[in-house]
There are 2 protein chains.
Amino acid sequence: MPRDTFHKLKEEKRELITNAFLREFAIKTYDEASITQVVKELGIAKGSMYQYFDDKLDLFMYLIEECSKVKMQYTLHVSREDYPDYWEYFHALFLEGLKFDANHPLQSHFLHNLTQNLNSPSVKEQFDQLQKQVVEAFTAMVKYEVGIGKFRDDVDLDVLGFMLYKLGTGVQEHLEYHNIINPQQSIETRTPVYQGKKKELIATLNHYIALARSAFDKQ
Amino acid sequence: MPRDTFHKLKEEKRELITNAFLREFAIKTYDEASITQVVKELGIAKGSMYQYFDDKLDLFMYLIEECSKVKMQYTLHVSREDYPDYWEYFHALFLEGLKFDANHPLQSHFLHNLTQNLNSPSVKEQFDQLQKQVVEAFTAMVKYEVGIGKFRDDVDLDVLGFMLYKLGTGVQEHLEYHNIINPQQSIETRTPVYQGKKKELIATLNHYIALARSAFDKQ
DNA sequence: CATCAATATGACTATATGGTCACAAATGTA
DNA sequence: TACATTTGTGACCATATAGTCATATTGATG
């Protein structure tokens, strides 16, 4: 948690600082990211940062929380009940992700880099915790779908849940792997990751959904 | 590539060195792994290491290569033609992996840690290259199965390939996530990762295969 | 204006490590 | 034994950064 001092800052300065660090952590590993550098860039003293945050990890967690909040505003709009089918819901979630990316590129960049970022041993614990939350959310969804007879019931729920989680991250990784999106480059050019790639994303997403339907749906 | 000096070493010493570093890289990130420490442990001079290898990366790549060779000896036994069905072949590959793990725990540990290991920016390039090889291998398999009419042909080959790749890594990650296996602990106790967990592995594997059959097979 | 608390500052410390290099030891050769 | 070549050695250097702290600055308050 940031200290009071940070919250008391003028909004402008607070955002300047937040954004500068978002940028740093968006292109570097947690361990690589240098407070010294960013602070120099910002023209503020390093000591000040330690008046705002307990330490590097505190700062990092704050950034995660802020970005998550912003993204939530988008995904919480989408509600399962509005869709007759889980996969249309799943699809809709991705579209919200697109909006988020377009409107908040910096936050999107940061979150894109998070996976790699979090492999640093220094934040492994935090990563495991986050991952657990996400997997559990997916497992809960699966459970619901099985319950209402939409998903198959002959496969372990945990397997379905974990696979659904992997499916979510898989689409993005697929697009990165095939150079359709390039988060690193997008960060440099400060453009949304999916700018001009909406069609490609949706096409790939639909392919994955086609596979997933066969795998998950009760036949 | 290790220097000649290294190859000329007595086999015993060569293995002592190799094993010590396998252990180090099995429990730490590439960046975290400390040559200084291992060398101290081994009781040899740091300078000697630089007579054996160009640098840290050279050493690391050597370890990858050695372990891969050993594992290959197992997986190359399995041939697609001996199975009527891709998934039985897939299953058989995992069983060979089990044998490898049981007979070469150290190498298995190292390879298990490789994924996390390779997220260090210092070796990102190497990781991408390795990943590319693996994904391409899977994509080739998929292409073959589609060709002989076993796999569906209405989904992009790249999607099938990438998903199959994810499936391979997914089973292991699933077991780790659910604490069925614990590579870190296994390294400490120097026991094979899957020791006493064969049944669990196979059960989970079969669940994933059940899903995959529905997803990939031509109906 | 004077006083006190909250902030800002940046030189400095502690800490590690990859890699080098001049020199020592060992091994081979004749 | 005398010489040459290959190996082994470990003190040393360059490098970088998270975090600290005594001090200076600012701002509010009466």
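- Using a 4.0 Å heavy-atom criterion, one finds that B/Lys13 contacts the sugar-phosphate atoms exclusively.
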Seminar exercise, completed: Quick tally for nucleotides 11-28 of chain D: nucleotides whose base has a protein heavy atom under 4.0 Å get B, sugar-phosphate-only ones S, the rest -, giving ------SBBB--------

Tell me which donor-acceptor pairs under 3.5 Å the side chains of residues 130-142 of chain B have, and how far apart each pair is, sequence neighbours excluded?
{"unit_1": "B/Gln131", "atom_1": "NE2", "unit_2": "B/Tyr165", "atom_2": "OH", "d": "3.2"}
{"unit_1": "B/Thr139", "atom_1": "OG1", "unit_2": "B/Val135", "atom_2": "O", "d": "2.8"}

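- The interatomic distance linking B/Met49 (CE) with D/dG10 (P) rounds to 15 Å, in whole Å.
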Atom pairs and distances, side-chain donor-acceptor, residues 52-62 of chain B, under 3.5 Å, sequence neighbours left out:
{"unit_1": "B/Asp54", "atom_1": "OD1", "unit_2": "B/Arg3", "atom_2": "NH2", "d": "3.4"}
{"unit_1": "B/Asp55", "atom_1": "OD1", "unit_2": "B/Leu57", "atom_2": "N", "d": "3.3"}
{"unit_1": "B/Asp55", "atom_1": "OD1", "unit_2": "B/Asp58", "atom_2": "N", "d": "3.0"}
{"unit_1": "B/Lys56", "atom_1": "NZ", "unit_2": "B/Tyr30", "atom_2": "O", "d": "2.8"}
{"unit_1": "B/Lys56", "atom_1": "NZ", "unit_2": "B/Asp31", "atom_2": "O", "d": "3.4"}
{"unit_1": "B/Lys56", "atom_1": "NZ", "unit_2": "B/Ala33", "atom_2": "O", "d": "2.8"}
{"unit_1": "B/Asp58", "atom_1": "OD1", "unit_2": "B/Met1", "atom_2": "N", "d": "2.3"}
{"unit_1": "B/Asp58", "atom_1": "OD2", "unit_2": "B/Asp54", "atom_2": "N", "d": "2.9"}

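- Between B/Lys10 atom NZ and D/dG8 atom P there is a gap of 11 Å when expressed in whole angstrom units.
- Among residues at least two apart or in separate chains, salt bridge (charged side-chain N to carboxylate O under 4.0 Å, His left out) pairs with a member in residues 99-115 of chain B are B/Glu96-B/Lys99.
- Looking at residues two or more places apart in sequence or on another chain, you find no side chain to side chain contact (heavy atoms under 4.5 Å, CB included) involving A/Gln73.
- Take B/Arg80 and apply the salt bridge (Lys or Arg N to Asp or Glu O under 4.0 Å) test, not counting sequence neighbours, and it matches B/Glu145.
- If you check every strand for non-hydrogen atoms under 4.0 Å, B/Leu59 touches nothing.
- Residues satisfying the side chain to side chain contact (heavy atoms under 4.5 Å, CB included) test with A/Ser79, not counting sequence neighbours, are A/Glu81, A/Asp82.
- Among the atoms of the strands shown, only primed sugar atoms or phosphate atoms (P, OP1, OP2) are found under 4.0 Å from some heavy atom of A/Tyr52.
- As judged by a 4.0 angstrom heavy-atom cut-off over every strand, A/Phe6 is placed among residues making no nucleic acid contact.
- For DNA chain C, the contact window with chain A, defined by any atom under 4.0 Å from a protein heavy atom, covers C/dT7 to C/dG10 in 5' to 3' order.
- A/Tyr208 pairs by the ring pair (Phe, Tyr, Trp, His ring centres under 6.0 Å) definition with A/His174, not counting sequence neighbours.
- For B/Tyr74 and B/His104, the ring centers sit closer than 6.0 Å to each other.
- For A/His207, there are no ring pair (Phe, Tyr, Trp, His ring centres under 6.0 Å) partners, not counting sequence neighbours.
- If you check residues 16-26 of chain B against DNA chain C, you find no residue with a heavy atom closer than 4.0 Å.
- Other residues, nucleotides and ligands contribute more than 12 heavy atoms inside 6.0 Å of the CD atom of A/Gln184.
- Residues passing the side chain to side chain contact (heavy atoms under 4.5 Å, CB included) test with B/Thr115, sequence neighbours excluded: none.
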